[in-house]
Amino acid sequence: MEHINFNEYSRAAHFGHRKLTPRACVVDSKKHLRSFLSDALEDLGFVTCECGQAGDLAGVLHAEQPDLIVLSVCADGINVGEILEAIVRKNFGGKVLVIGQPDAIMVKAVRQIGEEYGIAMLPSLPTPFGAASLRASLATLLPAEPAPSPAVDVAEALKAGWLELWYQQKINTRTLVPSGAEALVRMRHPAWGVVPPAYFIPDDRDPHFRKLSEFVIGRAIEDWRYLLESQGPVDLSINLPISFFGNAAAVRDLCRAMPAHPAFAGLLIEINSSEVVDHPDLAVDVARRLRLHNIAIAIDNVGAEWPSLLELRSFPFVELKVDQQYVKGCADDRLKQTVCRRIVELARDNGARAIAQGIETRADYLAAHEMGFDLVQGHLFGKPVGLRKFARSRPQLAAGSEKAL
């Protein structure tokens, strides 16, 4: 991979031809406020870091110049004078956004001092604020064109520790209560920000694919333990290719990795339906054997090929997930409804759950409810998010989703 000079990147960023993801540093003495602001900025596409005191900010500015410093001003917060001094001393060339009521004495003082020192101060952002007002405040810093895909492979990402799992809730269709979550691998690149898997997932014949699969398994178990301590047990599912199960040593290690904790209800592994259709005997045998080790198999992305699943010699699968192309817009499409109903019937006839993924509108949710899906998943109920944000948001999800519907 070509190494990126962050100082050159920072200088280029101010000429309006941004090629890389903008960087922001959040400065606040309270960790929960830093986390909230970082999450909001990452949703806008920023790569973020956090500082709780002036010394931390000086270190960040010495290592690399961000495009933006977000300074939350409150009476009992950090010493803003030291923060401004660090900004001036390190010749910071980016923008500063002050968050607080514009008529507050502290906010006025910070803006006045900043302007006296020649700091590029954005208009202050009054609290409380929403996503739209934050985006409007930072419009000049947001990328004007899509960033190119990063030249990075999974081997480098694994070695550098850039990979993590994000989680998206599955929701009980009838009660709107969370019912497990799917783990989705993401890369948090130091310059490109969060990178979706399409840019780095190798072909399943790539020698690094097993290492990626092992990372997903190990991190999911670590995350399960974190969630157990922070909020109680959560049923998790991960995605693995059918080729993974052709390696006896990999399967043995998978079984050994399962927690012995009494609260562990098992791991759900999702395998793409096309792979199950292409390798039916392996899929059936794996599903049978893994049940003895507290691991269940779901068939993912079931669509037009669903009749092929009727030909399986047995059906040891616990869940069928309908391909989102048959879920999105199903409320107004009878053909999509027909496919969905057939898959729901197939699941019900075999004692499995049926899940509709890709629910983005209230109309599609109501259609999924009427067609008899057991679970739903999609942006209507929340996008995939990082572990800690998932842990923070999960207790409020059911109530918020019900209100939205």
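Along the sequence shown, residues carry numbers from 1.
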message: Taking ring pair (Phe, Tyr, Trp, His ring centres under 6.0 Å) as the criterion, tell me which of Tyr226, Tyr167, Trp224 meets it with Phe390.
response: Tyr167

message: Whether the side chain of Glu182 engages the backbone of Ser237 through a donor-acceptor N/O pair (distance < 3.5 Å, no angle test) should be reported.
response: no

Side-chain H-bond candidate by donor/acceptor type, Glu164 with Trp166, under 3.5 Å: yes

- request: Would you sort out whether Val318 and Arg291 count as a side-chain contact (heavy atoms from CB on, under 4.5 Å), showing the intermediate values?
  value: CA-CA 10 Å; Val318 301; Arg291 277 189 169 184; 3.8 Å; yes

- prompt: Is Arg219 paired with Glu222 through a side-chain N to carboxylate O contact shorter than 4.0 Å?
  reply: yes

message: Between Lys383 and Asp43, does any NZ, NE, NH1 or NH2 come within less than 4.0 Å of an OD or OE carboxylate oxygen?
response: no

task: Could you tell me whether a side-chain N or O of Asp374 sits under 3.5 Å from a main-chain N or O of Ala354, the two making a donor and an acceptor?
output: yes

query: Between the main-chain N or O of Glu319 and the side-chain N or O of Arg353, is there a donor-acceptor pair closer than 3.5 Å?
result: no

- request: Look at the side chain of Gln231 and the backbone N and O of Ala391, then say whether any donor-acceptor pair between them is shorter than 3.5 Å.
  value: yes

- prompt: Does the Asp364 side chain pair with the main chain of Cys330, one donor and one acceptor, at a distance under 3.5 Å?
  reply: yes

message: As a quick check of understanding, evaluate side-chain contact (heavy atoms from CB on, under 4.5 Å) for Ile171 and Leu380, giving each step before the final call.
response: CA-CA 11 Å; Ile171 305 295; Leu380 179 64; over 6 Å; no

query: In terms of side-chain geometry, is the basic nitrogen of Glu42 or Lys389 positioned less than 4.0 Å from the acidic oxygen of its partner?
result: no

message: Between the side chains of Arg313 and Asp281, is the shortest nitrogen-to-carboxylate-oxygen separation below 4.0 Å, so that they form an ion pair?
response: yes

field: Candidate list Lys170, Gln168, Gln169, test side-chain hydrogen bond (donor to acceptor under 3.5 Å, both in side chains), partner Gln377, passing option
entry: Gln168

- prompt: Between Leu240 and Ile271, is a side-chain contact (heavy atoms from CB on, under 4.5 Å) present by the stated rule, with each step listed?
  reply: CA-CA 6 Å; Leu240 292 178; Ile271 301 177; 5.5 Å; no

query: Just by distance, do the side chain of Asn272 and the backbone of Ser274 share a donor-acceptor pair under 3.5 Å?
result: yes

- request: Find the distance between CD1 (Ile269) and CD1 (Ile299) and round it off to the nearest 0.5 Å.
  value: 13.5 Å

field: Residues Gln357 and Asn301: side-chain donor-acceptor under 3.5 angstrom
entry: yes

- prompt: For Lys90, does its backbone N or O pair with a side-chain atom of Gln65 as donor and acceptor, under 3.5 Å?
  reply: yes

field: Note: Glu345-Arg341 ion pair, threshold 4.0 Å (strictly below)
entry: no

